[in-house]
**Q** 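First, the structure itself, so that you have it in front of you.
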Amino acid sequence: MKGFVMEQVRVRFAPSPTGYLHIGGARTAIYNWLFAKKHNGTFILRIEDTDAERSTQDSIQGILDGLKWLGMEWDEGPYFQSANLNAHRQAAQLLLESGHAYKCFCTKEELEAKKEAAIASKQAYKYDRTCRNLSPEEIARKEQAGIPYVVRFKIPDMQESLIFNDLVYGPIERKYEDIEDFVILRSDGSPLYLLSNAVDDINDRITHVIRGQDGLANTPRQILIYKALGAKLPQFAHMPLTLDLQKRKISKRTHGEVVSVQFYREKGFLPWALVNFLALLGWHTSDDREIFSKQELIDAFSLEGVSRSNSIFNYTPGDAKFFTDPKAISINAHYIKTMPLNELEPWVNAVLKAADIFDETFLTTQKAWYYSTIDLIRQRFHTLNDFATLGAAYFSDNFPMDSKALQKNVLKHPQLTEWLPQLAERMERLDSWTLETTEKAVRDFIAERNIASGTLINAIRTVVTGQSVGPGLFECLVIIGKDRTTARLKNTPTLF
RNA sequence: GGUCCCAUCGUCUAGUGGUCUAGGACGCUGGCCUCUCACGCCGGAAACAGGGGUUCGAACCCCCUUGGGACCGCCA
C-alpha cells in the first residue's frame with residue numbers, strides 16, 4: 001500500500017425490510033462488516049424501504065435486532081432509503097437534462113403487447129426505444145396532452161462491451177446492445193431501485209459494493225448510472241448465493257424458520273458460532289483453519305477467498321438428528337465446550353432464567369460450584385438450550401425425567417425401590433462427599449448385594465439426573481451434592 | 001427463449017501445470033477408552049461432471065457437451 005494514499009473504505013449492508021433477517025442476508029452483512037473491520041473502514045446500514053407495500057416496521061426491527069445479536073454493529077445509520085427520494089428524483093432530472101435519460105410515453109399495454117409478440121416469435125425482448133428519439137415538439141405535445149411517462153436511461157449506442165472487474169468473479173463483460181433502456185422513474189415520478197440504490201451509494205460515498213450475486217446482473221446498468229452522473233465508481237464484489245439441497249434459493253416461504261437468524265437465537269446458538277459458520281459458507285482461507293475468534297476472522301478475511309460457486313446450506317427438513325446444517329451445530333458445540341467459562345456463563349444464565357431454574361446465588365456464594373457444573377456438563381452439549389433441558393437436574397429440583405431412561409434403567413428393576421433408598425441412607429452417613437467416598441459407598445453396596453454394577457449405576461444416574469446419559473456418575477453426584485442426591489434416591493418409589 | 005455466472009468427497013472446501021496413489025472439516029463408519037452418552041485418540045468408506053485439445057506432463061490452460069444458478073418488472 002505504499003506510494004499512494006489508501007482511500008477510506010466505506011461499505012454498506014442494504015436489506016429491504018420485507019421479512020426477517022435470513023442467513024443469506026446475514027452472511028452478506030458479515031462479509032461487509034469483516035471487510036470494513038479489516039480495512040479500518042466504515043460499515044453502514046441502510047434500510048431500503050422504498051417498497052411501502054411490502055416493508056414493515058416489524059421487519060426493520062427484526063433486522064436491527066438480528067444484526068445486533070450477531071455482533072454486526074454498524075458505524076453509520078440506519079439510513080432509510082425512503083428519506084432520500086428527493087435525491088433520487090433530482091438525479092433522474094439531472095440525467096434527463098444531460099441527455100442520459102429520456103421520457104417514454106409508451107403505455108404498459110403497448111409494451112406488454114410487444115413483449116408477448118417477442119416471446120411468441122422467440123425473440124429476446126428488449127424495449128424498442130420508440131420514445132428515445134422523440135422530437136422536443138412531440139415530447140412537449142404529449143406532455144401537454146397529459147400523457148403519463150416514465151423516465152428511461154439511455155444506454156450508449158455502441159458496439160463495444162461494458163467491462164468491469166468484480167473482486168470475486170473477475171472481469172465481467174456485457175455488450176451495450178444487450179442492455180435495455182431501463183426505467184429509472186415511474187410514471188408517478190417515484191424512483192426505481194436501480195437508480196435509488198446507485199444514488200444512495202454515491203451519496204454515502206460507498207467504496208466497495210459487497211452484495212449477493214443476484215446483484216451481478218444489475219451492475220452494468222448501475223455503472224452506467226454512476227458514469228452518467230459523473231460519480232466515482234466503487235469496486236464491486238458479488239457473493240455466491242446460498243442454496244438448499246435442491247439448489248433452490250433459500251427463502252422463508254419454502255424453508256421456514258430454519259433460515260432466519262432469530263431461529264438460531266431461539267435454538268441456543270452462540271452468535272459468534274453462527275457468524276463463524278456463515279463466514280465459512282462460501283469463504284475459506286488456504287490453510288485448514290475453520291474456527292476463528294473475532295480478531296482472527298477479521299485478520300484472515302479477504303475477498304479473494306470468497307468462492308465463485310453457490311454454496312449449499314446442508315439442511316434436511318424433518319431430520320431427526322440435526323435441526324439445521326450439521327456443521328453449524330458442530331461449530332456451536334465446539335464453542336460451547338471450549339470457550340472460557342466466564343464468557344459462556346452469561347449465556348447459560350440467560351437460558352436458565354428463561355427456564356425459570358436460575359438462582360441468584362449461582363453468581364455469588366455458589367459461583368465456584370456453578371462454574372464447575374457448567375464445565376462438567378458442557379462437554380456433551382450442542383446448544384445453549386441443553387443447559388436448561390438435559391442439564392436441568394444439575395441446577396434445580398425441577399427437572400424432567402426422560403421416559404425412555406426411566407423405562408430402561410429403573411422400571412425394569414423393581415428392587416430399586418428398596419435399594420436406592422437404602423443406598424441413600426448409607427450415603428447420608430458419609431463424612432465427606434467426594435469422588436472417592438461416593439464411589440466407595442456405591443461399590444460396596446453393589447458388592448454386598450451382588451448387583452450388576454451397570455444396573456445400579458445407570459439407575460442412580462437416571463434417578464438423580466433424569467437422563468440415561470451424562471458425565472461419569474460420581475462426578476455427577478459430587479456436583480449435585482449430598483442433599484439432593486440422597487433426596488432423589490429416596491424418592492425412587494414414587495417413580496414406579 | 002436471451003444475457004451472464006458457476007462446476008473437486010453427501011455438505012463446506014484445499015488445490016493456480018509435476019510435491020495429488022487429490023489434503024482438511026462436518027456428517028457417516030470401525031476400534032480404543034468406559035458405569036452410560038459424549039469428548040478425546042487411532043483407523044475406514046467417500047470427489048476432480050463427460051468428451052476433445054495444448055503439453056514431456058493436467059484437478060489446474062483452451063474448446064465443446066452436460067448439469068446447476070442468477071438476471072431479463074413502472075419489485076427491491
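The structure displayed is predicted, hence computed values, not measured ones. The figures that follow rest on heavy atoms only: side chains count, while hydrogens, waters and symmetry mates do not. Numbered from 1 within each chain, the chains take letters A, B, ... in sequence-line order.
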**Q** Expressed in angstrom and rounded to an integer, what is the separation of A:N314 atom CG from B:G10 atom P?
**A**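 One finds 11 Å between P of B:G10 and CG of A:N314, rounded.
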
**Q** Any salt bridge (Lys or Arg N to Asp or Glu O under 4.0 Å) involving residues 148-173 of chain A? Give me the pairs, sequence neighbours left out, ordered by first then second residue.
**A**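 Matches after skipping sequence neighbours: A:R129-A:D157.
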
**Q** Can we say A:R378 and A:D386 salt-bridge, meaning some charged N sits less than 4.0 Å from an Asp/Glu carboxylate O?
**A**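 Looking at A:D386 together with A:R378, the answer is no, because their closest N to O distance does not fall below 4.0 Å.
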
**Q** What is the distance, rounded to the nearest whole Å, between atom CE of A:M239 and atom P of B:C5?
**A**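 Taking CE of A:M239 and P of B:C5, I get 17 Å after rounding.
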
**Q** Quick one: salt bridge (charged side-chain N to carboxylate O under 4.0 Å, His left out) partners of A:K142, sequence neighbours excluded?
**A**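 A:K142 satisfies salt bridge (charged side-chain N to carboxylate O under 4.0 Å, His left out) with no residue once adjacent residues are dropped.
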
**Q** Can you name the ring pair (Phe, Tyr, Trp, His ring centres under 6.0 Å) partners of A:F277, sequence neighbours left out?
**A**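 Listed in chain order: nothing, the list is empty.
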
**Q** Could you let me know what B:U54 is paired to, Watson-Crick or G-U wobble, both distances under 3.5 Å, or none if it's on its own?
**A**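 The answer is none; no pair meets the criterion.
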
**Q** Expressed in angstrom and rounded to an integer, what is the separation of A:R308 atom CZ from B:U8 atom P?
**A**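 So the two atoms are 11 Å apart, to the nearest Å.
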
**Q** So that I can tick it off, tell me whether A:R46 and A:D204 are bridged by a salt bridge, with the cut-off set at under 4.0 angstrom between side-chain N and carboxylate O.
**A**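 Salt bridge flag = yes for A:R46 with A:D204.
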
**Q** Considering only the P atoms, how many Å lie between B:G67 and B:G50, rounded to the nearest integer?
**A**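 It works out to 15 Å between them.
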
**Q** Base, sugar-phosphate, or nothing: which does A:K321 touch, judged by heavy atoms less than 4.0 Å apart?
**A**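 The answer is sugar-phosphate, as A:K321 gets under 4.0 Å only of primed atoms, P, OP1 or OP2.
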
**Q** How close or far is atom P of B:G68 from atom CG of A:D244, stated in whole angstroms?
**A**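 Going from CG in A:D244 over to P in B:G68 covers 14 Å.
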
**Q** On a whole-Å scale, what distance lies between the P atoms belonging to B:G30 and B:U65?
**A**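 Going atom to atom, P in each nucleotide, I get 46 Å.
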
**Q** Between atom CG in A:L280 and atom P in B:G24, what is the gap in whole Å?
**A**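 Going from A:L280 (CG) to B:G24 (P), I get 17 Å.
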
**Q** Between the side chain of A:N332 and the main-chain N/O of A:L270, is any donor-acceptor distance below 3.5 Å?
**A**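 Such a contact is found between A:N332 side chain and A:L270 backbone.
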
**Q** Mind checking the P distance from B:G24 to B:C41? Whole angstroms is fine.
**A**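 About 14 Å, rounded to a whole number of Å.
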
**Q** A:F313 CZ to B:C26 P: how many Å, rounded?
**A**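 Going from CZ in A:F313 over to P in B:C26 covers 18 Å.
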
**Q** Establish, with yes or no, whether the OP1 or OP2 oxygen of B:A7 is under 4.0 angstrom from a side-chain nitrogen or oxygen of A:S309.
**A**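 For B:A7, neither OP1 nor OP2 has a side-chain N or O of A:S309 closer than 4.0 Å.
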
**Q** Applying side-chain hydrogen bond (donor to acceptor under 3.5 Å, both in side chains), can you list everything that pairs with A:E296, at least two apart in sequence or on another chain?
**A**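 Residues passing side-chain hydrogen bond (donor to acceptor under 3.5 Å, both in side chains) with A:E296: A:S293.
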
**Q** One thing to verify: whether A:K114 and A:E112 come together as a salt bridge, which I'm taking to mean a side-chain N less than 4.0 angstrom from a carboxylate O.
**A**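 Looking at A:E112 and A:K114, the cut-off is not met.
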
**Q** How far does the C1' atom of B:U8 sit from the matching atom of B:A70, given to the nearest Å?
**A**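 Each nucleotide's C1' atom is 23 Å from the other's.
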
**Q** Which of residues 165-178 of chain A sit near RNA chain B, with a heavy atom under 4.0 Å from it?
**A**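 Within residues 165-178 of chain A, the residues near RNA chain B are A:Y169, A:I172, A:E173, A:R174, A:D178.
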
**Q** Between B:A22 and B:C4, how far apart are the P atoms? Round to whole Å, please.
**A**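 That atom pair is separated by 37 Å.
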
**Q** Quick one: what's the B/S/- string for nucleotides 31-40 of chain B, heavy-atom cutoff under 4.0 Å, read 5' to 3'?
**A** ----BBBBS-

**Q** Say we look at B:U16 and B:G23: how far apart would their P atoms be, to the nearest angstrom?
**A**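 Each nucleotide's P atom is 14 Å from the other's.
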
**Q** Say we look at B:C9 and B:C48: how far apart would their C1' atoms be, to the nearest angstrom?
**A**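 Pairwise C1' distance, B:C9 against B:C48, rounds to 10 Å.
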
**Q** With sequence neighbours excluded, what pairs up with A:R488 under the salt bridge (charged side-chain N to carboxylate O under 4.0 Å, His left out) test?
**A**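 So A:R488 forms a salt bridge (charged side-chain N to carboxylate O under 4.0 Å, His left out) with A:D397.
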
**Q** Okay, side chain of A:Y125, backbone of A:A117: is any donor-acceptor separation there less than 3.5 Å?
**A**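 No, A:Y125 side chain to A:A117 backbone: no donor-acceptor pair under 3.5 Å.
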
**Q** Which residue pairs pass the side chain to side chain donor-acceptor pair (under 3.5 Å) test with at least one member in residues 302-315 of chain A, sequence neighbours excluded?
**A**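 Every side chain to side chain donor-acceptor pair (under 3.5 Å) pair that includes a residue of residues 302-315 of chain A, provided the two are not neighbours, is A:R27-A:S311.
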
**Q** Which pairs pass salt bridge (Lys or Arg N to Asp or Glu O under 4.0 Å) with one or both residues in residues 439-466 of chain A, sequence neighbours excluded?
**A**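 Found A:R426-A:E448, A:E439-A:R443, A:K440-A:D444.
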
**Q** For the residue pair A:R186 and A:S190, confirm or rule out a side-chain donor-acceptor distance under 3.5 Å.
**A**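 Judged by distance alone, the side chains do pair up.
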
**Q** Could you tell me which nucleotide pairs with B:C20 by Watson-Crick or G-U wobble geometry, both distances under 3.5 Å, or answer none if nothing does?
**A**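 Pairing partner: none.
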
**Q** Mark up nucleotides 69-76 of chain B, 5' to 3', with B wherever a protein heavy atom is under 4.0 angstrom from a base atom, S wherever such an atom reaches only the sugar-phosphate, and - elsewhere.
**A** SSS-SBBB

**Q** Yes or no on salt bridge (Lys or Arg N to Asp or Glu O under 4.0 Å) for A:E143 and A:K103, after CA distance, side-chain angles and deciding distance?
**A** CA-CA 10 Å; A:E143 276 195 85; A:K103 293 172 182 173; 3.0 Å; yes

**Q** Can you check the A:L281 CG to B:A25 P distance for me, whole Å?
**A**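 So the two atoms are 19 Å apart, to the nearest Å.
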
**Q** Pick base, sugar-phosphate or nothing for A:S307, based on heavy-atom distances below 4.0 Å to the nucleic acid.
**A**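 Sugar-phosphate, no base atom in range.
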
**Q** Suppose we screen for side-chain hydrogen bond (donor to acceptor under 3.5 Å, both in side chains). Which residues come up paired with A:E177, at least two apart in sequence or across chains?
**A**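 Checked A:E177 against side-chain hydrogen bond (donor to acceptor under 3.5 Å, both in side chains); zero matches.
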
**Q** Give me the distance, rounded to whole Å, that separates B:C28 from B:U11 when you measure between the C1' atoms they each carry.
**A**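 One C1' to the other, the span is 12 Å.
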
**Q** With both distances kept under 3.5 Å, what pairs with B:G40, Watson-Crick or G-U wobble?
**A**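 B:G40 is paired, partner B:C32.
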
**Q** For B:G73, which nucleotide in any strand shown is its Watson-Crick or wobble partner with both distances under 3.5 Å?
**A**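 B:G73 is unpaired by these criteria.
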
**Q** Is there a Watson-Crick or G-U wobble partner for B:G10 with both distances under 3.5 Å, and which nucleotide is it?
**A**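 In the structure as shown, B:G10 has B:C26 as its Watson-Crick or wobble partner.
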
**Q** So, A:R289 and A:D287, do they make that salt bridge, N to O below 4.0 Å?
**A**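 A salt bridge links A:R289 with A:D287.
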
**Q** Given atom CZ of A:F323 and atom C1' of B:C26, what is their separation to the nearest angstrom?
**A**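 It works out to 15 Å between those atoms.
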
**Q** Could you pull out the protein-nucleic contacts involving nucleotides 20-23 of chain B (nitrogen or oxygen on both sides, under 3.5 Å)?
**A**
none

